[in-house]
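Quick notes on the structure that follows.
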Amino acid sequence: MTTRVIIVDDQAMVRAGFAALLSAQSDIDVVGDAPDGVQGVELSRRTHPDVVLMDVRMPEMDGLEAARRLLDPPIGVTHRPKVLMLTTFDIDDYVYEALRAGASGFLLKDAPPADLISAVRVVAAGEALLAPSVTRRLIADFARRRPAPRKDRAALRLNGLTPRETEVLELIARGLSNQEIADALILAEQTVKTHIGRVLAKLELRDRAQAVIYAYESGLVAPGER
């Protein structure tokens, strides 16, 4: 199955370079590009891509607002692409806000070409593009700077999570991969994937990135905990 992609970035060379790289892949089809958020949203509405590569900082409308419009569309618009934010900064407040809005992750613009290709495939498959080590560092740093009120674990379970699902959510937020969670809980990796799917469904979260943010903001995991 071919993944349809659009590229939204105010630098023409970035758009052209990313398009050439991705179009060379047999399973990726670049169906358009746009120089700002306004045109990016319009293009997405017309072409219905699976993945939008979205620059964070652009004229007319920045990537954050464009991501919000794509991921929380008005009544009558049913298409919601996966959004992968592009940034030149390792830690960027806009990225966190984009994750809260429902973006599936972020990628540094100077990442190796193989990482870009992999990122598109990962996001298209419904996973969040936040490697476990990056997850722990970025989200914990954000939580330290903007602490949220803590809630007890019972509050999470009121949302329908079982004790095991709560454990899985906690380990996701601590930066463990699926295999590491499986090892820690003595479960099969497929069972872990099932638990993660149920956590996302019960908490009405799009992906792993939002699950991490939820765990920190709910107080299930506190910055600095291991």
Side-chain angles (χ1 to χ4, degrees), residues 1-74 77-92 94-99 101-135 138 177-178 193 206-210:
M1 182 176 177
T2 301
T3 298
R4 294 167 57 83
V5 177
I6 66 171
I7 302 164
V8 185
D9 192 292
D10 62 341
Q11 298 181 50
M13 290 185 65
V14 170
R15 298 197 306 273
F18 282 7
L21 178 64
L22 294 173
S23 295
Q25 311 307 308
S26 61
D27 59 334
I28 298 175
D29 183 15
V30 178
V31 296
D33 65 80
D36 59 59
V38 172
Q39 294 184 55
V41 171
E42 293 173 352
L43 178 63
S44 179
R45 299 272 198 261
R46 292 199 311 271
T47 60
H48 290 188
D50 301 300
V51 177
V52 177
L53 294 180
M54 181 79 73
D55 189 18
V56 171
R57 303 177 187 276
M58 293 181 291
E60 301 299 328
M61 179 191 294
D62 65 22
L64 175 57
E65 180 58 29
R68 286 181 178 137
R69 295 192 184 193
L70 291 178
L71 297 169
D72 187 19
V77 177
T78 59
H79 178 252
R80 288 182 175 86
K82 301 291 174 43
V83 176
L84 177 60
M85 306 302 297
L86 300 169
T87 179
T88 55
F89 301 96
D90 192 19
I91 294 181
D92 188 317
Y94 282 98
V95 172
Y96 294 109
E97 294 303 320
L99 293 176
S104 294
F106 77 95
L107 185 72
L108 295 177
K109 285 187 178 181
D110 60 358
D115 286 1
L116 173 63
I117 297 167
S118 174
V120 169
R121 290 171 176 158
V122 166
V123 169
E127 298 292 331
L129 189 73
L130 289 176
S133 60
V134 175
T135 298
L138 291 179
S177 65
N178 288 357
K193 291 180 181 178
R206 285 175 59 93
D207 52 34
R208 198 184 192 100
Q210 286 201 317

Using side-chain heavy atoms (C-beta onward) and a distance below 4.5 Å, is [X] in contact with [Y]?
X     : Y     : answer
Phe18 : Val5  : no
Leu64 : Val56 : no
Asp55 : Val14 : no

Which atom names give the shortest non-hydrogen contact between [X] and [Y], and what distance separates them?
X     : Y     : answer
Pro49 : His79 : O-NE2, 2.8 Å
Arg15 : Asp9  : NH1-O, 2.7 Å
Asp33 : Leu43 : N-CD2, 3.4 Å
Ala67 : Val83 : CB-CG1, 4.2 Å
Arg4  : Thr47 : NH2-O, 2.6 Å
Ala66 : Met54 : CB-CE, 3.6 Å

In chain order, what residues pass the salt bridge (Lys or Arg N to Asp or Glu O under 4.0 Å) check against Arg46, with sequence neighbours excluded?
->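 Result, salt bridge (Lys or Arg N to Asp or Glu O under 4.0 Å) vs Arg46: none returned.
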
[atom1] of [X] to [atom2] of [Y]: how many Å apart, nearest 0.5 Å?
X      : Y      : atom1 : atom2 : answer
Met61  : Arg69  : CE    : CZ    : 3.0 Å
His48  : Arg80  : NE2   : CZ    : 12.0 Å
Leu86  : Asp110 : CG    : CG    : 11.0 Å
Asn178 : Lys193 : CG    : NZ    : 6.5 Å

Passing candidate, side chain to side chain contact (heavy atoms under 4.5 Å, CB included) with Val120, options Asp115, Leu21, Leu22 =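 Result for side chain to side chain contact (heavy atoms under 4.5 Å, CB included) with Val120: Leu22.
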
Give a yes or no on whether a salt bridge exists between Arg68 and Glu65, defined as a side-chain N under 4.0 angstrom from a carboxylate O.
->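 Result for this pair is yes, salt bridge flagged.
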
Check step by step if side chain to side chain contact (heavy atoms under 4.5 Å, CB included) holds for Ile6 and Val31.
-> CA-CA 6 Å; Ile6 66 171; Val31 296; 3.5 Å; yes

When you look at Arg57 and Asp62, which way does the side chain to side chain contact (heavy atoms under 4.5 Å, CB included) test go after all the steps?
-> CA-CA 5 Å; Arg57 303 177 187 276; Asp62 65 22; 5.8 Å; no

Any donor-acceptor N/O pair, Ser23 side chain to Ala19 backbone, under 3.5 Å |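 A pair under 3.5 Å: yes.
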
